[in-house]
Amino acid sequence: MRQTKHWIFLTMIIALLLTACGEEQQKGQISEADKLIEATQKTRKYTELLQVVDSLETIGSITSTKACYWRGYAYDKMKHQRLAEYYWKASLNAAAESTDPDEMTYYARSASRLANMLSVRGNYEEGLNISIPVVQKLESLDCDSTSDYLNILIYIGCCQEGLGTNEGNAEGFNKAYQRHMENIETYHNDLVYKDGITGLINITYNYIYAKKWQEALNWITRFGQVLSEYEQRLDADADYIDRQLARYDIYQAIALEGLGRSEEAAKAYEKFLTTQFSNTPKGRIDANDYLTTAHRWDEAAENYSSLNAMMGETPQNYSLENIESLVLKKYRTNLLAGRRDSAIQVAMDISNALGQAITKSKNIEKEELAVIVDNVEKMTEQEAQKNRKYQTLIVIGFVCLILCMTAFMVVRHRKAKQMEAQYEDLRYDYDRLEADTIVKEREDSELRIGQNIQQVMPPSLMPKHKHFDMWSAVKLGQIQGGGVMDFCLRNGKLFFCVGEATVEGVKASLLTTLVKAQFRTAAAFEPRPEKIMMAINSALAKNDEQGVGVRLFVGVLDINNGVLYFCNANHSAPLLVSNELHHLPVEQNVPIGERPNWKFEAQETTLLPGTMLFLNTDGLIKVKNAEHRVFNEKRMLGSALQAMKLDPRPKPFIDNMLDAVQHFAGDYEQRDDMSLLAIRYKGGAKLEQKADEEPEPETEVEPEVQPVVEPQQPEPEVFEAPQPIEEPKVYDEPEFYDEPEITIEDAEATEIL
């Protein structure tokens, strides 16, 4: 027993001596390792940087905290955001229990870059959850004097601003600013000036993004003061100063325009144009932040011609990120500038690039997932290697305890088997979770892009005229973007269209947006519905892609005599509502966009005074309830008959239809959009004028009156004298559908935005 104690004591002495010698050698290795990493980083060869970091970590020259930081840095530069986030989080976890100053340096760097990424991405809550504990730990260890610590304070304020909570964000910004000013006063070198300028840029952009113009202007003033001090230095970087002066001028122009001080804003923008940076592709795109705020659409559209040069991509290689953040802005700017052909070309570029962008995103996600799994396996292998190394040292140091070590190895082996089994279970669960996450992220991304595309083309204002009443309603479903409804009043004629796309997702949003744009353009020049239909078809059917189109009904109502000219493209027939319900006889034709050069033919009928035309998309008859029963055509006709009897005017009629749908479906969430449009012809000018009276102007707006019961009108003429629809069973009256009443007057055609 005594001999065993002596052996243990001797082994401990030897281990302490080896450790003391190893620490001095390790310090030299760390210094050389940092130099090697810095030299590789300056070459911007990030794949080589990853190899260098892996090698240095394998031989123990750098810690896991530092290695994970540099891996995250390299992947961030290579646009692999998911891997960058993974390694920066791994760096934070590796240093969670450490208090070493060198470890805390890379701990703060990882937290700063991760907080910036999450803030830009809009993950404000996660950014706060990560940043606040890091700040508390750095302050407790007196490691709160670095620029990374100050940047974290700024990103915390940005996240709080993004969540709409103003608690502490201004205090954090002011604290970071004071610390930057103290560092400039103390060290007065190039690095602290640039750190301070970067911090002020982040704070200023945060307030500009939040449209808090006065606060932004205050921080722009501070930014200008620090930049002016730096400009006086003999060793100041001229190119850097030019870029920052350009940023100062454009920020000032945006803030002044937001405050309504347009003349001062224009002068600030003129100063921006004197910088060299304003002539670069990046400078032209940055200038658009002001030009779009000032509604100078032509200049902004011209600047967007430099977009591809700035991104380094061709339209065929657009990424999802660039489509969402930049290319959609280019489309909207060209549209608002009146450059219809350019806008259509951008939209086609987006449509052509979306498939490849989604595929590229999937491939990147697969590569990132493979790297993460491989990294987990390497970490497990490294841990196993360390364990085997320690076991070997124990065996060499304690030869006399071979029997005990044998027993220890048996137990260890059993534990390893259990850990391997648990690891396999964990890996299986992890793979399942990743697969589900990838699918959900893709669906969310497509839905977000579709919604952004729809927002580019806002709905038209509803016209109001004494010769007709109209009302519309749209109920959005889980899959948004597939519906089309638009209308305008021009030259005594009411132009309107209702339809839906035959596809779903982003492609549906693009199709319906193009249909709206083409309808508004064609309706401004063409008086005939078949001409409007053929113009829309020509714009959509260039690629002759079968099965991808839009079912559409286009109508033109002459409000003076009640003549309705219409053209149908495979859309369901509208209802004629008077004393009875009839389907308007229509030619089905083919959906627009499926066959180029299709000859659409117009039809016409005459609406008698008091007759109402009711149009709806298929989303109405596809409504389901919790029991998966479908609303269907028969229930729709029954609900329409009941709504007609309750009140035949457009708004009450649509309200009663929505009440019937709500009563049938309850709270069950619907998949498809539902669009309803009702137009009730009240009679032309000839019926109202007396022989000795002058006709009233067409654009006179009917005053608001209390609902009255319309007198019975003769049955309207139809093409083929269809049989009256049998009155279906009338259900109980549904609860009142509370929808705000909005009346927007528009005497002429709706303006195309």
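Pairing each heavy atom of Ala216 with each of Thr204, the nearest pair is O-CG2, 4.1 Å. In terms of heavy-atom proximity, Asp672 sits nearest to Gly619 at CB-CA, 4.3 Å. Residues Ile220 and Ala255 share a closest heavy-atom pair of CD1-CB, 4.0 Å. Scanning both residues, Ala94 and Ser64, for their nearest heavy atoms gives CB-OG, 4.0 Å. Closest of all the heavy-atom pairs between Ser110 and Leu92 is CB-CD2, 4.1 Å. Shown here for Asn129 and Pro133, the closest heavy-atom pair between the two residues is O-CD, 3.1 Å.
For the pair Lys329 and Tyr304, the cation does not sit on the ring face, since its NZ or CZ is not both under 6.0 Å from the ring centre and inside 45° of the axis.
Distance check, rounded to the nearest 0.5 Å: CG of Asn322 to CD1 of Ile350 gives 11.5 Å. To the nearest 0.5 Å, atom CG of residue Asp148 and atom CG of residue Leu138 are 9.0 Å apart. Taken from CD1 in Ile197 to CD in Gln244, the straight-line distance is 6.0 Å, to the nearest 0.5 Å. Taking NZ from Lys42 and OG1 from Thr40, the interatomic distance works out to 11.0 Å, rounded to the nearest 0.5 Å. Annotation: the span from Ser131 atom OG to Ile152 atom CD1 amounts to 6.0 Å, rounded to 0.5 Å. Atom-to-atom distance recorded for Tyr207:OH and Cys158:SG is 9.0 Å, nearest 0.5 angstrom.
Ring pair Tyr87/Tyr75 is parallel by interplanar angle, where below 30° counts as parallel and above 60° as perpendicular.
At a threshold of 4.0 Å, the pair Lys194-Asp190 counts as salt-bridged, since one of the basic side-chain nitrogens sits closer than that to a carboxylate oxygen. Ionic pairing of Glu126 and Lys89 is present here: one or more N-O contacts between side-chain nitrogen and carboxylate oxygen are shorter than 4.0 angstrom. Ion pair Glu139/Lys175 flagged as a salt bridge, since at least one NZ, NE, NH1 or NH2 atom sits closer than 4.0 Å to an Asp/Glu carboxylate oxygen. A salt bridge links Lys212 with Glu161: the closest approach of a Lys/Arg side-chain nitrogen to an acidic carboxylate oxygen falls below 4.0 angstrom.
For the pair Arg121/Gln81, a side-chain contact is recorded, criterion being any heavy-atom separation below 4.5 Å from C-beta on. By the 4.5 Å heavy-atom criterion applied to side chains, Asn288 and Thr333 are not counted as neighbours. Residues Phe272 and Gln252 have side chains not in contact (no heavy-atom distance under 4.5 Å, counting atoms from C-beta outward). At a threshold of 4.5 Å between non-hydrogen side-chain atoms, the residues Leu200 and His180 do not count as touching. Using a 4.5 Å heavy-atom threshold, the side chains of Trp213 and Ile254 count as touching. Contact of the Lys66 side chain with the Asp102 side chain is registered, since non-hydrogen atoms from C-beta on lie closer than 4.5 Å. For the pair Met310/Arg284, no side-chain contact is recorded, criterion being any heavy-atom separation below 4.5 Å from C-beta on. Looking at Arg71 and Trp88, their side chains never come closer than 4.5 Å, going by heavy atoms from C-beta outward.
Less than 6.0 angstrom separates the ring centroid of Tyr177 from the ring centroid of Trp219. A centroid separation of less than 6.0 Å is found between the aromatic rings of Tyr240 and Tyr230.
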Applying side-chain contact (heavy atoms from CB on, under 4.5 Å), run through Glu215 and Asn206 and close with a yes or a no. CA-CA 10 Å; Glu215 290 88 342; Asn206 170 75; over 6 Å; no
Trace of the side-chain contact (heavy atoms from CB on, under 4.5 Å) decision for Tyr193 with Asn189: CA-CA 7 Å; Tyr193 269 104; Asn189 58 32; 6.0 Å; no
Salt bridge (charged side-chain N to carboxylate O under 4.0 Å, His left out) between Lys415 and Glu420: does it pass, once the steps are laid out? CA-CA 9 Å; Lys415 293 292 184 183; Glu420 185 177 357; over 6 Å; no
Could you please spell out the steps behind the salt bridge (charged side-chain N to carboxylate O under 4.0 Å, His left out) verdict for Asp286 and Lys282? CA-CA 6 Å; Asp286 288 350; Lys282 181 68 168 60; 2.9 Å; yes
Between Asp349 and Val327, is the side-chain contact (heavy atoms from CB on, under 4.5 Å) condition met? List the steps. CA-CA 9 Å; Asp349 289 342; Val327 184; 5.9 Å; no
Decide yes or no on side-chain contact (heavy atoms from CB on, under 4.5 Å) for Leu118 and Glu85, but give the supporting numbers first. CA-CA 9 Å; Leu118 295 173; Glu85 179 181 354; 4.2 Å; yes
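Taking Arg113 as the reference, Tyr69 meet the side-chain hydrogen bond (donor to acceptor under 3.5 Å, both in side chains) condition, with sequence neighbours excluded. With sequence neighbours excluded, the residues satisfying side-chain contact (heavy atoms from CB on, under 4.5 Å) with Ala665 are Val623, Gln670. Evaluation of the ring pair (Phe, Tyr, Trp, His ring centres under 6.0 Å) rule for Tyr107 yields no partner, not counting sequence neighbours.
In this structure, Ser55 contributes its side chain and Gln51 its backbone to a donor-acceptor pair below 3.5 Å. Checked by atom type and distance alone, the side chain of Lys137 pairs as donor or acceptor with a backbone atom of Ala96 at under 3.5 Å. Panel note: side chain Arg179, backbone Asp144; a donor-acceptor pair is recorded below 3.5 Å. Counting only distance, with no hydrogens or angles, the side chain of Thr513 and the backbone of Ser509 share a donor-acceptor pair below 3.5 Å. A donor-acceptor pair under 3.5 Å links the side-chain atoms of Thr105 to the main chain of Pro101, judged by distance alone. Proximity of a side-chain donor or acceptor of Ser306 to a complementary backbone N or O of Ala309 within less than 3.5 Å is not detected.
Residue Glu185 places its CD atom among 12 or fewer non-hydrogen atoms of other residues, nucleotides or ligands, all under 6.0 Å distant. A 6.0 Å sphere centred on OH of Tyr668 holds more than 12 heavy atoms belonging to other residues, nucleotides or ligands.
Using a 3.5 Å distance cut-off with no hydrogens or angles, the side chains of Glu48 and Thr43 do not pair a donor with an acceptor. A donor atom on one side chain and an acceptor atom on the other are not found under 3.5 Å apart for Glu257 and Thr293. With 3.5 Å as the limit, one finds no donor-acceptor pair spanning the side chains of Gln225 and Arg222.
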